[in-house]
Asks: 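Structure in structure tokens, see below.
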Amino acid sequence: MRGYSENRVEAGEAADRFLRALGVKAKDLPITAEEKLDAWRLTLEKLAASRRPLLVVLDNVRTPGQITALLPDAPHRVLVTSRHNLSILPTRLVVLTPLCPGGAVDLLDKTLRAGGRDDRRATAQSADALRLVEQCGYLPLALRIIGALLRDEPDRPLAAQAEELEDQSTRLDTMEYDGDDDHGRPLAVRASFELSYGHLTDPQSRAFRILAAAPGPDISTGAAAALLGQTSSEARRLLAGLARAHLLNAATTRAEGLPAGDCERWTMHDLIRLFADDLGCAHSRDDGRDLAVTQLLDHYVASTEAANARLRVHAKDPSERFICRDQALSWLENERLNLLASAIAPAAHRHCARTQLPLALARFLDWRRDFDDLITLLKQAIEIFRETGDRHGEGRAQNIFGVGMRQVRRFEEAITAHTEAVQIFRETRDRNREAGALDNLGIPLQRVGRLEEALSAHTEAVQIFRETRNRQAEGVTLGHLGLALERVDRVDEAVDAHAQSATIAREVRDRQTEGVALCNLGCALQQVGRAEEAVDALRQSAAIAREVRDRRGEGGALNNLGSALQQVGRAEEAVDAHSQALHVYQEISDRHREGGALNNLGLALKKVGRIDEAIEAHTQAAAIYREIGERHGEGRALNHLGLALRKASRFEEALEAHDQALHIYREVCDRRGEGGALNNLGLALEEVGRGDEAIDAFAQADAIAVDAASARSGGALNSCSPAPPARRPAGH
């Protein structure tokens, strides 16, 4: 838990790691820390119910508050390690005292013999060994460090090492095992650290002191080279020397395609880091520590911006730092914690990293669904831009912040952020970014039902992009305008907007946007009864998505293709298309869309008479939606499950499914969904002979239909199809 580090692990991050370790895929993880903790508790309950108790180990905890939310109930068990007693926790306290003399000598002996060495000094020089372990205070960490030093000098007598350790005896005599100084640093091992440090060369000593200033839990060889102002090979020799002295720990991450310098990782134990940082502060001027940190932050900013360029599929001139998108993603994943720490580190107070890293990380954090960190960083960036009077920077941060708010369904806050961004870009006369902010503003306006305002925002954005001759952005925005037009039942106009979007994307060679536009066009064509044209557009969309390796786009096009094929009576082909979409979504761990594909697959299976398989598909879809908290989707799946159960003459089960769907639609205030559920419920009630209740359900459904017709004529009703198309707005 890194409780004694500036980069300590909070409960939400630990829950995230536990869930991943238990097999939960990244796309299935909740977004916020609280939701992750809820998922962790639910997982514990499920494991307990299946008689699979866990032993949860929470190591290096500083305060009870760091782990309270993680503590499991019986039958699970937890082991907490700390340098404090943490007696307020409902745990049984086990105090670990220093080793006994015999145990300390045994540990020293094992350390010297590790790796098959025939090093008998601890047994052959037993009196000196006892003297040495006594001077180490019988502390395992001190003994392991001294043992490592002795391994590096196999001919050195233990007496000589003990004599050297005597110079530090006055400090050790005054320290308790768990005694800390005013900074919370355990002093019992300081003498051992200083002995290790004293054996370093001058370049190693400087590197050790400077490494403590690097933000984040670890550092790569490449980043260390930037920090130390040396070549990668020179930096690596220093790092390896420190690792041999047990002042650094070496590890290698598995990241396909990354250079070795990005895969090699180096960490300091937090106690050693405190010791090194204390020395670093004392030697700051001589070491050039401030300049070193600036060089590291420069490296992180430049590399992050280069990686971000690779994430833009239609980028014209991406940096040569990364040869492909996958490599950029691997680097960002490896460095994520370091980049986040760098953006908020005190050392970055006067560095552009505090504002540039949040902007450059936005696309990656959005892709990773790491919205908590995205929002936190952008809040900081907005404050800094305001403090410095950088209106343009504030506008960019507000625009991205709005996208983050939209992703966590805080639509009103997203609207506020995009509105402020629009105003700022108007002040600064940045017409392109003004248009981008207007287009982004339209998306949450659609989500809260302010459809006329959304249409206005998208339309104005299209006009501005035409004025500035930004054809690529115009094409993207026309797609968003088309989606808004569909929601106010102006579907013919929507078809035209999506067609223009596809044409422009083809013209500017933006293949990904072309694929999205064709997918949206196919869905709109279905609504106006041009199903054969829809099939053709959706096949093209799937092919383009496959070409540009847009797996999510490919899944959406296939899923919608299946719906179009159902519409033209080609149900067997529809089953195949939905099955392919399901496979894609399972592969990329997109649980939300997996649920949609299952629901649509169930509809197709029902049409070809495979009723039992349809029931299973709808049941799985409802379970997925329930798991991820998507109530609308759960209601749709239950409604379709009820229809499939009626086909199988399982009327009581069908009645229960429609009733559950009705309750969900009422809970989320979806009047159209409620009307459909009431109608289906009435049919199920007729099947079981409850005619009076069926009449009442039909009457309620009719009343909702009248209200819906009235609302639609006023352009205020949000349409909700039983199996919604899988389409994605692309933000600016």
Side-chain angles (χ1 to χ4, degrees), residues 81 83 94-181 185-205 207-208 237-250 266-276 278-279:
T81 73
R83 298 180 188 94
V94 179
V95 177
L96 298 179
T97 59
L99 294 170
C100 66
V105 171
D106 285 345
L107 177 57
L108 178 62
D109 184 44
K110 289 178 180 177
T111 302
L112 295 176
R113 293 175 183 267
R117 293 190 181 189
D118 186 23
D119 190 337
R120 305 179 184 181
R121 282 178 288 178
T123 53
Q125 304 169 33
S126 57
D128 293 325
L130 282 169
R131 178 185 172 201
L132 182 59
V133 299
E134 180 182 6
Q135 291 167 332
C136 288
Y138 310 111
L139 296 175
L141 180 58
L143 289 165
R144 290 182 68 83
I145 293 173
I146 296 303
L149 292 170
L150 289 167
R151 280 165 60 86
D152 285 341
E153 299 179 271
D155 297 326
R156 190 179 195 195
L158 298 189
Q161 183 67 72
E163 184 177 347
E164 184 176 354
L165 197 57
E166 285 284 354
D167 295 338
Q168 310 297 330
S169 62
T170 54
R171 291 188 190 176
L172 291 171
D173 289 341
T174 62
M175 295 177 189
E176 296 179 358
Y177 174 72
D178 57 355
D180 295 343
D181 68 6
R185 295 175 294 195
L187 301 178
V189 296
R190 180 179 289 273
S192 296
F193 291 160
E194 288 176 344
L195 277 172
S196 298
Y197 174 72
H199 285 75
L200 301 177
T201 64
D202 288 343
Q204 287 176 335
S205 297
F208 177 65
R237 282 195 293 272
L238 291 172
L239 296 167
L242 293 173
R244 285 194 295 272
H246 294 271
L247 293 172
L248 278 185
N249 296 317
W266 309 85
T267 62
M268 278 186 179
H269 186 282
D270 53 2
L271 296 180
I272 295 177
R273 185 163 186 157
L274 286 172
F275 172 73
D278 193 30
L279 291 169

Asks: OG1/Thr123 to CG/Leu112 distance, rounded to the nearest 0.5 angstrom?
Replies: 9.5 Å
Asks: Measure the spacing between CG of Leu143 and CG of Leu150 and express it to the nearest 0.5 Å.
Replies: 10.5 Å
Asks: Please report the shortest heavy-atom distance between Ala148 and Thr111, naming the atom on each side.
Replies: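 Result for this residue pair: N-CG2, 4.2 Å.
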Asks: Could you check whether the rings of Phe275 and Tyr197 sit parallel, tilted or perpendicular, using 30° and 60° as the cut-offs?
Replies: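 It falls in the perpendicular class, over 60°.
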Asks: Is a side-chain N or O of Arg151 found less than 3.5 angstrom from the main chain of Arg117, in a donor-acceptor match?
Replies: no
Asks: With a 6.0 Å cut-off (strictly less than), is the heavy-atom count around CZ of Arg120, excluding the residue itself, greater than 12?
Replies: no
Asks: I'd like to check Pro101 versus Tyr138 (side-chain heavy atoms, cut-off strictly below 4.5 Å). Are they in contact?
Replies: yes
Asks: How many angstroms lie between atom CG of Leu239 and atom CG of Asn249, to the nearest 0.5 angstrom?
Replies: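 Reported to 0.5 Å precision, the distance equals 12.0 Å.
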Asks: Identify the two heavy atoms, one from Asp119 and one from Arg113, that lie closest to each other, and give their separation to 0.1 Å.
Replies: O-CG, 3.4 Å
Asks: On a heavy-atom basis, which atom in Leu107 and which in Pro140 lie closest, and how many Å separate them?
Replies: CD2-CA, 3.7 Å
Asks: State, to 0.1 Å, how close Trp266 and Ala243 come at their nearest heavy-atom pair, and which atoms those are.
Replies: CZ3-CB, 3.9 Å
Asks: For Met268 and Ala276, work out which heavy atoms get closest and say how close.
Replies: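 Looking at all heavy atoms of both residues, the shortest contact is CE-CB, 4.1 Å.
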Asks: Kindly give the heavy-atom pair with the smallest separation between Ala122 and Ala129, and that separation in Å.
Replies: O-CB, 3.5 Å
Asks: Once you round to the nearest 0.5 Å, how far does OG of Ser205 lie from CG of Leu242?
Replies: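 Going from the OG atom of Ser205 to the CG atom of Leu242 covers 8.5 Å.
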Asks: Tell me, yes or no, whether the heavy-atom count around Arg131 atom CZ, taken from other residues, nucleotides or ligands under 6.0 Å, exceeds 12.
Replies: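 It does: Arg131 CZ has more than 12 such atoms within range.
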Asks: So, taking the atom named CD1 in Ile146 and the one named CG in Leu108, what distance separates them when rounded to the nearest 0.5 Å?
Replies: 9.0 Å
Asks: Measure the CG-CZ distance between Leu248 and Arg273 for me, rounded to the nearest 0.5 Å.
Replies: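 Separation between the atoms: 10.5 Å.
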